[in-house]
Amino acid sequence: MDIIGILSFFGGVALFLFGMHVMGEAIKRETGGSMEQVLHNLTASRFKGLLLGTGVTAVVQSSAATSVIVLGFLNAGIMTLQNAIPVIMGANIGTCATSWILCLNSISGESLWVRLVSPDCFVPLLAAVGMALLLSSKNNNRRRDVAEILIGFSVLMYGMDILSGALRPLTQSASFAEAITLFSNPFIGILIGFGITCATQSSSASIGILQAVSATGAITFSEALPIILGVNIGAEVIVVLSAAGGNKDSKRAAAVAMLYNIIGALIVQVAFLALDALVHPGLSDMRMGYIPVAVTHTLYKILIALMLMPFTKQLIALSRVLIRDGQESSLFQGLDERFLDTPSMAIARCRDLGNRMADLARENLLQALDTLVSYDAKKMEEIVRTEELLDEFEDKLGTYMAKLSGRQMTDADAHELAKFLHCIGDFERIGDHALNVAESAQEIHDKGLRLSEEARRDLSTLIAAVREMLEKTIHAFLTNDTEEAMTVEPLEEVIDQLKITLKNRHITRLQHGDCTTLQGFVFSDLLINLERISDHCSNIAIFVIQSRGDSVDTHDYVLNLKTKRREEYDRMVQQYSEKYVVG
């Protein structure tokens, strides 16, 4: 092979890998949500798990992608190890789809119909359609994804054609024929397959290269089989590396995936050598090509699945011996970076923790308000701990979502991500103000202060309004109820008016000597914190409305509500004013 041939070979491999990457990423974006739903609703049936793993991988064109998603579910605690293993086994079978697609390159003939189904005919057409869709996609994410799938597939097939063309002259090379004889050693063949897969980071690409080499007619079955076995072992290296930072179950799943392929490779290779030595079935010298490699690869995958599926429990037991139990925290394990490549899944994890943060903020404020009525030192300690936890939520969720915001995603996912990014700050601030309220209650208790009867009545009216606003806000956030979210702003205006009224009444009490200066400071602090809590509730409600696709600025929304919907707005303000009256 001359320098031009070498450049063509590596150029073909590069185009093949690039096309597979572009196509796979576009498919994952389009199928992310449904793929998550399918895997998340997995039952305890091992056979169903096997079929699901096969189907999902056939769609996304990557067994590693499916396995890594499963590891993420394990790490997040939303899938059991027993349910995960059959999916990983199925992913091994599903990855065979690419090798069958590449068999299209073996189609040749002079017939018009044969030429029409040949890649030389339809690949340029797909590339042209894909390019037209891409140029006309503008802000249409779905059209852009379809375009990238078509273009990626076209580049993949074109790269394989270049790769095959570069290898074709080797059929006349004596040195190439001599080098091929090294493959007759099963151990060397397995190492070659393992090494190629580690280098390309894709078992599909490795099998594609093997198919291209086999198309020269230089590879026999006995030489191709060990390479296929090595390719499948190498494919699990990505899974093992991905599990390195996970919990014990994700590490055990990765260990099972590697053991599964190593044991399967040993059984199949030993069985073939024994069969060949005893009866010599004629397979050894059979020349391979695109279709024979795809058939061998697929049959091997199905065979080891049938052989080892009944021993799932034993494989899990072996993984438990290798990966011992240990202490680990699971609260934030849902924020697994494996999900970042599939934004819909990452957002689902953010949704779970964001909803948990909302509940924590509500519980903390309600407990803080309770301390004003009946102070409890233990409850105070719990409020402090929860406020620290809310700070941690904001830090970890914010960091994770900042990484996620740079990924391509659907408009719906982008709206929801924006909602969470804005709202977690408000939940954290509600936690801060809840702590301030509890500290005011502690000051009242420790210093033996007693507010006047009128001050207590006024404060209870404001607290009741804030409680209702809090409940409406959290419920609207958790359920994405825009109708309830729209009732929050009128109540916020009533609370603002209440604060002004209560402050004026407080000043009057100070002037008449009904309230001391120290009592006045505590009362004023409570008014400020309760009013600011209502501001944050208002922010959250508005972002709930925005997340449903109404792209509006916060101030524009409030202005629009008070002008275009003035009658409805005034009616709600009047109802709340009559409900929360003082004097």
Side-chain angles (χ1 to χ4, degrees), residues 361-376 379 383 426 429-445 447 449-476 484-541 558 562 569-583:
R362 173 174 56 187
E363 291 167 10
N364 220 35
L365 179 56
L366 293 178
Q367 287 205 44
L369 295 175
D370 288 342
T371 60
L372 289 170
V373 179
S374 176
Y375 180 77
D376 186 334
K379 188 173 289 186
I383 291 169
D426 287 297
R429 293 298 295 146
I430 288 174
D432 289 341
H433 291 301
L435 180 59
N436 292 342
V437 169
E439 287 173 344
S440 294
Q442 185 179 34
E443 184 177 0
I444 292 172
H445 175 268
K447 295 181 178 179
L449 303 177
R450 180 173 176 80
L451 300 178
S452 67
E453 185 65 30
E454 183 181 277
R456 290 199 299 273
R457 285 199 306 270
D458 288 354
L459 199 57
S460 65
T461 301
L462 179 59
I463 288 173
V466 170
R467 280 180 183 270
E468 180 175 357
M469 188 174 190
L470 177 72
E471 295 295 347
K472 284 179 173 292
T473 301
I474 300 300
H475 183 265
E484 183 155 32
M486 287 180 180
T487 68
V488 171
E489 184 61 30
L491 182 53
E492 198 272 338
E493 180 168 322
V494 170
I495 289 173
D496 285 346
Q497 293 171 354
L498 269 175
K499 179 200 170 186
I500 295 171
T501 301
L502 297 189
K503 185 176 181 179
N504 291 334
R505 288 164 64 86
H506 163 63
I507 292 172
T508 301
R509 286 194 299 270
L510 282 173
Q511 292 172 341
H512 292 167
D514 297 331
C515 182
T516 66
T517 303
L518 186 56
Q519 291 171 334
F521 283 139
V522 173
F523 187 83
S524 180
D525 286 343
L526 287 171
L527 291 185
I528 291 170
N529 281 290
L530 291 171
E531 189 272 333
R532 287 180 180 171
I533 287 167
S534 74
D535 289 341
H536 291 295
C537 287
S538 175
N539 292 341
I540 293 166
V558 175
K562 293 181 178 180
Y569 182 84
D570 286 344
R571 179 181 55 79
M572 287 189 285
V573 170
Q574 181 63 32
Q575 288 176 345
Y576 288 132
S577 297
E578 292 173 356
K579 184 175 183 180
Y580 298 110
V581 63
V582 293

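Heavy-atom basis, side chains included; hydrogens, waters and symmetry copies ignored. The model shown is predicted, which means the values in this text are computed figures rather than measured ones.
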One should read off an interatomic distance between I507 CD1 and R505 CZ, to the nearest 0.5 angstrom, of 12.5 Å
OG1 of T487 to CD of E484, rounded to nearest 0.5 Å, is 5.5 Å
Strictly distance-based, threshold 3.5 Å: is any side-chain N or O of E489 a donor or acceptor partner for the main-chain N or O of S538? no
Counting only heavy atoms not in R571 (residues, nucleotides, ligands), do more than 12 fall under 6.0 Å from its CZ? yes
Note: A441 and T371 closest approach over all heavy atoms is CB-OG1, 3.4 Å
| message | side chain to side chain contact (heavy atoms under 4.5 Å, CB included) for L526 and L372? Distances and angles first, verdict last. | response | CA-CA 10 Å; L526 287 171; L372 289 170; 4.0 Å; yes
task = Please say whether more than 12 non-hydrogen atoms of neighbouring residues, nucleotides or ligands are located less than 6.0 Å from NZ in K379.
result = yes
To the nearest 0.5 Å, atom OG1 of T473 lies from atom CD1 of I533 at 11.0 Å
Between R509 and D458 the two heavy atoms that sit nearest each other are NH1-OD2, 3.3 Å
Applied to residues 492-539, the ring pair (Phe, Tyr, Trp, His ring centres under 6.0 Å) test, sequence neighbours excluded, yields H433-H536, H506-F523
On a heavy-atom basis, the closest approach of D525 and S440 is CB-OG, 4.2 Å
Nearest heavy-atom contact between V466 and L530 is CG2-O, 3.9 Å
Shortest non-hydrogen pair, E492 vs E531, comes out as OE2-OE2, 4.3 Å
Rounded to the nearest 0.5 Å, the CG atom of L459 sits from the CG atom of L498 at a distance of 11.0 Å
Using a strict threshold of under 4.0 Å (side-chain N to carboxylate O), is an ion pair present between R429 and D432? yes
Requested in this report: Show the numbers, then the answer: is there a side chain to side chain contact (heavy atoms under 4.5 Å, CB included) between V581 and T461?
Outcome: CA-CA 7 Å; V581 63; T461 301; over 6 Å; no
Is it true that Q367 and E363 share a donor-acceptor pair across their side chains at a distance under 3.5 Å? no
- Task: Give a yes or no on whether the backbone of G520 and the side-chain of S524 come within a donor-acceptor separation of less than 3.5 Å.
- Result: no
Can a donor-acceptor pair be found, under 3.5 Å and without considering hydrogens, that links the side chain of S374 to the backbone of D370? no
All heavy atoms of S534 vs all of D496, minimum pair found to be OG-OD1, 4.3 Å
Distance col, row L365:CG vs I474:CD1, nearest 0.5 angstrom, shows 9.0 Å
Please examine the side chains of L366 and R467, heavy atoms only from C-beta on, and report whether any two atoms are closer than 4.5 Å. yes
Between the CE atom in M469 and the CG atom in D535, the distance rounded to the nearest 0.5 Å is 7.5 Å
**Heavy-atom side-chain contact between Y580 and I495 under 4.5 Å** = no
